[in-house]
Visitor: 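Let me give you the structure first, and then I'll get to my questions.
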Protein chains: 2
Amino acid sequence: MPYDPSAFPPFAVTVDLVVLTVRRHALCALAVRRGEPPFQGRWALPGGFVRADEDLSQAAARELAEETGLRAHDPSVPAQDNGAHLEQLATYGDPKRDPRMRVVSVAHLALAPDLPAPRAGGDASNARWAPVEELLEQGGYGRDGELAAPLAFDHAQILADGVERARSKIEYSSLATAFCPPEFTVGELRRVYEAVWAVALDPRNFHRKVTGTPGFLVPTGGTTTRQGGRPAQLFRAGGATLLNPPMLRPEV
Amino acid sequence: MPYDPSAFPPFAVTVDLVVLTVRRHALCALAVRRGEPPFQGRWALPGGFVRADEDLSQAAARELAEETGLRAHDPSVPAQDNGAHLEQLATYGDPKRDPRMRVVSVAHLALAPDLPAPRAGGDASNARWAPVEELLEQGGYGRDGELAAPLAFDHAQILADGVERARSKIEYSSLATAFCPPEFTVGELRRVYEAVWAVALDPRNFHRKVTGTPGFLVPTGGTTTRQGGRPAQLFRAGGATLLNPPMLRPEV
DNA sequence: ATCATAGTCGTCTGCCTGACGATAAACACT
DNA sequence: AGTGTTTATCGTCAGGCAGACGACTATGAT
């Protein structure tokens, strides 16, 4: 097939972001309110057009910074610091997914600690962290009594795919630490798993598992009592990225 | 950001295919020879433009049919028959990945049994099954003595990603059956694992594992001696898609 | 002082896996 | 017909890991 420029239809290419964090024992996603049609006033995932000279991951990192102030974690820099984990999720290209034109969206998944406050163009009322169940349920009422309209476009599907990716990936990788601050306790890490999987885990078995997996956690020497109770050791994420054997997700 | 049609740059969107099969105890990928510049004469992954009214998965299924004659397995149809497994792999959008224009390629991964003979536009000399190591090694010589030039564009990266996806996915899913004909023996399935992982597995432990996993294999009642030796039971792929606990890939 | 909370160390049991012996049923020879 | 080769299939045993859960420790709150 010759590459005649008139032989292929032009597409708009966007990146959409599933930004996940754990707040108040719940897995939450960043949502922004749409200012223009279509779906004006509805909640949507943050995103935007890919620029002409930009790689897809660059566009995703730029959007992430614009919406949250988070820097994406560059894998080439060992000190991951405040950087959020960012990875490509999947691409959505149904011809009718945007009523105005043909848009192909390359969705990315970002995992961040609880710290940041959302800001959409500086307007906090148009951005929020919402529990993923609240964003995914159709027609219910959210915590604020507002009718929970479904997310704009196919963003409910994208969010569901991102949540599923995160849920499965923390099984066999050390990615759960991306939800934690630079230093954290075993209990805090356990609460991340409990929030993401929406299950209760045995603290003793969890402690044995994570401290017994080489390279997963590195003790910093410090302790903290910020969770109450007996002081807990502080850890940093170790170099290991793959968990073998994996963390087992309870059946029900 | 308003959706002014002049506010976003136009992209060409293509699908590229990583089609994998197992032949002669080796994991092989489908490669086609490029007829025009750039990379004229070099081997590349099959692919093509997404049409204006086509979904991404439809485009991938169409390209797969055009290149191999394989029908993609429609998940809504339980009888998978001759259909190949097809799933989205990842999207590649480096601004310089195609020297002519801005092309975003949505790569797909297809797994097929050994049956089909390649055909690229009816010309078999421009399509072949090649062992993935041969396609991925740089500067060596292939089986036919031909200098192994690297694949065109970023297709070596795409192929490597597809192979890695296949290798990890057969660990925790029943996807290895996609490499097998509709009816197959435990030994044939084991040789699929051995080819994809490039390892040797213990036949007795493998037999215990796959026959002991509920829903993985369904006996058809028949037997075959097409592999020589004692007649082996024939099985069909069962309904289970997830393997829990997973098949463990040997360390080395 | 007592309680509540959270963290940490152990024990026990059952399941799964890896290593490997043994038997079974075909085919290819001699 | 017997022997060897190949592949399939069943069984046994030891080690590792996870789930269930008891026990103890160290802090803050009342």
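The sequence lines fix the lettering, A, B, ..., with proteins before strands; numbering per chain opens at 1. None of the values given here were measured: they were computed from a predicted structure.
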Visitor: Could A:Arg128 and A:Trp43 be counted as a cation-pi pair, given that NZ or CZ must be under 6.0 Å from the ring centre and within 45° of the axis?
Guide: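 Yes, cation above the ring, under 6.0 Å and within 45°.
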Visitor: If the cut-off is 4.0 Å, is B:Arg204 near the phosphate of C:dA22, judged by side-chain N/O to OP1 or OP2?
Guide: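 Indeed not, no polar side-chain atom of B:Arg204 lies that close.
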Visitor: I need the single residue from B:Leu89, B:Leu45, B:Leu64, B:Leu86 that forms a side chain to side chain contact (heavy atoms under 4.5 Å, CB included) with B:His108. Which is it?
Guide: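 Between B:His108 and the candidates, side chain to side chain contact (heavy atoms under 4.5 Å, CB included) is satisfied uniquely by B:Leu86.
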Visitor: Kindly indicate whether the side chain of A:Leu111, heavy atoms from C-beta on, has any atom under 4.5 Å from the side chain of A:Leu109.
Guide: yes
Visitor: Give the rounded distance in Å between these two atoms: CG of B:Leu201 and P of C:dC20.
Guide: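 It is 15 Å, rounded to the nearest whole Å.
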Visitor: Rounded to the nearest Å, what distance is computed from the CZ atom of residue A:Phe206 to the P atom of nucleotide C:dA6?
Guide: 15 Å
Visitor: Using a distance-only test with no angle check, is there a side-chain donor-acceptor pair under 3.5 angstrom linking A:Asp16 and A:Tyr92?
Guide: no
Visitor: Of A:Thr225 and A:Asn205, whose closest DNA chain D nucleotide lies nearer the 5' terminus?
Guide: A:Asn205
Visitor: Round to the nearest Å and state the distance from B:Arg208 atom CZ to C:dT17 atom P.
Guide: 7 Å
Visitor: In chain order, what residues pass the salt bridge (charged side-chain N to carboxylate O under 4.0 Å, His left out) check against B:Asp154, with sequence neighbours excluded?
Guide: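 B:Asp154 satisfies salt bridge (charged side-chain N to carboxylate O under 4.0 Å, His left out) with B:Arg97 once adjacent residues are dropped.
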Visitor: In whole angstrom, what separates A:Leu189's CG from C:dA6's C1'?
Guide: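 The distance from CG of A:Leu189 to C1' of C:dA6 comes to 15 Å, rounded to the nearest Å.
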Visitor: Which whole-number value in Å describes the distance from A:Asp202 CG to C:dG10 P?
Guide: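 It is 16 Å, rounded to the nearest whole Å.
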Visitor: Do B:Pro231 and B:Thr225 make a side-chain contact, defined as non-hydrogen atoms from C-beta onward lying under 4.5 Å apart?
Guide: yes
Visitor: Taking for each residue the nucleotide of DNA chain D with the nearest heavy atom, is it B:Glu188 or A:Gly229 whose nucleotide lies nearer the 5' end?
Guide: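 The residue closer to the strand's 5' end, by nearest nucleotide, is B:Glu188.
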Visitor: Provide the start and end nucleotides, 5' to 3', of the part of DNA chain D that has atoms under 4.0 Å from heavy atoms of chain B.
Guide: D:dT6 to D:dT12
Visitor: From CZ of B:Arg249 over to C1' of C:dT17, roughly how many Å is that when rounded to an integer?
Guide: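 That distance rounds to 17 Å.
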Visitor: Would you mind reading off the distance between A:Gln227 atom CD and C:dT8 atom C1', rounded to a whole angstrom?
Guide: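 It works out to 16 Å between those atoms.
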Visitor: I'd like to check B:Leu17 versus B:Leu30 (side-chain heavy atoms, cut-off strictly below 4.5 Å). Are they in contact?
Guide: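 With C-beta onward as the side chain, the pair stays apart.
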Visitor: Which part of the nucleic acid does A:Arg226 contact within heavy-atom distance under 4.0 Å: base, sugar-phosphate only, or nothing?
Guide: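 Nothing, no nucleic acid heavy atom in range.
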Visitor: For the side chain of A:Arg191, counting heavy atoms from C-beta on, which of C:dT17, C:dA19, C:dG7 is nearest?
Guide: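 The closest nucleotide is C:dG7.
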Visitor: C:dT5 P sits how many Å from A:Arg190 CZ, rounded?
Guide: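 So the two atoms are 14 Å apart, to the nearest Å.
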